[in-house]
Amino acid sequence: MPELPEVESVREGLERLLKGRRITEAIVLWDRIIAEPKEINQFKNEIKDQIIHSIDRRGKFLLFNLTDFVLISHLRMEGKYRIEKSNSSISKHTHVIFKLDSGEELRYLDVRKFGRMSLVSYKAIAKHPSLIKLGPEPIKEALTIEALSQALKKRKKTIKATLLDQSVVAGIGNIYADEILFNAKIHPSRKANTLTKSELSRLTYSILEIIDKAVKAGGTTIRTYENVFGELGNYQSNLKVYGRTGLPCVRCQTIIEKIKVAQRGTHLCPNCQKLTSEG
DNA sequence: GTCCTTTCCTGACAGC
DNA sequence: TGCTGTCAGGAAAGGA
């Protein structure tokens, strides 16, 4: 399930392989993947002959900067891009095909069909609802203790749910939320607006630290993630709590538990992450 | 504004 | 073996 580090790895690969390429035709095999424009034919007409100038990322969104439009793409759970020869067989999970002037094809695959793409004008991109509400990127230039404290002040829901809220910090998903809270020694069910100063400090530091390390490792491969080159991420060997249910905590040997918070599977060490403040 | 629930989807797996 | 039910989960939409 791609979160910021995985999307960044995909972005780097796509930009390396696609910069300067022209899209000669788009084939849509599953209409619902295309969120905008509503008319699939409009999507196909507008993207035809667009040149891929660069690829950016904002939170978990990929932004293909084309000649006249920006293609906003979200991989959700299992979306992935592959560049394949045009005569290679099309797998059953391929939903969108972009034919390129190189003779190759950029193919979008997605087992669960959760991913979405929107083609919008440069004028509309600044006001796009998916992007406009995103919080700061989890990098030290954008995310400070003060900014995060301010954002959490009014949040009465759990810190786990709050970290998954893209309007608070952009790019954190279920895996890194668990890792961040474990690192910061904060119980996932703590209410966001009850964190102490030192907890806010640890939380900010943990967000920056864990995301940075995961980006450098090329992301985490759980189940199916791979980048454009078919390479797996390396961060899974660094996971301290996610997916370690029943195993001893790396810090204190207490058995890691899995509970449900905000309807999400949530891993924690009940000893390191106490529900009372200053765990 | 904030929070909560539902929806979208398929594959894996448990249980019978 | 084959069926049914449950679970996994990011974002958006709609309701409270």
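Note that the structure is predicted; figures quoted are calculated from it, not measured. Heavy atoms only: backbone and side chains are in, while hydrogens, waters and symmetry mates are out. Throughout, a chain's letter reflects where its sequence line sits, starting with A, and its residues are numbered from 1.
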Any carboxylate oxygen within less than 4.0 angstrom of a Lys/Arg side-chain nitrogen, looking at [X] and [Y]?
X: A/Lys157; Y: A/Asp165; result: yes
X: A/Arg21; Y: A/Glu104; result: no
X: A/Arg76; Y: A/Asp110; result: no
X: A/Arg16; Y: A/Glu12; result: no

Given atom [atom1] of [X] and atom [atom2] of [N], what is their separation to the nearest angstrom?
X: A/Lys260; N: B/dC4; atom1: NZ; atom2: P; answer: 15 Å
X: A/Arg116; N: B/dT7; atom1: CZ; atom2: P; answer: 15 Å
X: A/Asn193; N: B/dC3; atom1: CG; atom2: C1'; answer: 13 Å
X: A/Leu109; N: B/dC9; atom1: CG; atom2: P; answer: 17 Å
X: A/Gln166; N: B/dT2; atom1: CD; atom2: P; answer: 16 Å
X: A/Arg264; N: B/dC3; atom1: CZ; atom2: C1'; answer: 14 Å
X: A/His95; N: B/dC8; atom1: NE2; atom2: P; answer: 16 Å

Qualifying residue, where the test is side chain to side chain contact (heavy atoms under 4.5 Å, CB included) with A/Lys191 and the options are A/Thr158, A/Thr162, A/Ile159: A/Thr158
Side-chain N or O of [X] less than 4.0 angstrom from OP1 or OP2 on [N]?
X: A/Lys154; N: B/dT2; answer: yes
X: A/Lys113; N: B/dT10; answer: yes
X: A/His93; N: B/dC9; answer: no

Whichever of A/Thr158 and A/Arg76 has its nearest DNA chain B nucleotide further upstream toward 5': A/Thr158
Sugar-phosphate only, base, or nothing, as touched by A/Lys160 at under 4.0 Å among non-hydrogen atoms: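 Here A/Lys160 touches no strand at all.
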Touch class at under 4.0 angstrom, heavy-atom based, for A/Gly115 against every strand present: nothing
Atom of A/Leu208, atom of A/Ile139 and distance for their closest heavy-atom approach: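 Taking A/Leu208 first and A/Ile139 second, the nearest heavy atoms are CD2-C, 3.5 Å.
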Atom of A/Ile256, atom of A/His267 and distance for their closest heavy-atom approach: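 So the minimum-distance heavy-atom pair works out to CG2-CB, 4.4 Å.
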Of the listed nucleotides B/dT6, B/dG11, B/dC3, the one nearest the side chain of A/Val111: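 Looking only at side-chain atoms, A/Val111 lies closest to B/dG11.
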Chain A contact limits on DNA chain C, taken 5' to 3' with a cut-off of 4.0 angstrom to heavy atoms: C/dA8 to C/dA12
Donor on one side chain, acceptor on other, A/Ser73 and A/Tyr81, under 3.5 Å: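 Result is yes, a qualifying pair exists.
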Test of ring centre spacing under 6.0 Å for A/Phe64 and A/Phe98: no
Strand-adjacent residues in residues 28-37 of chain A, judged by heavy atoms under 4.0 Å from DNA chain B: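 Close to the strand are A/Trp30, A/Arg32.
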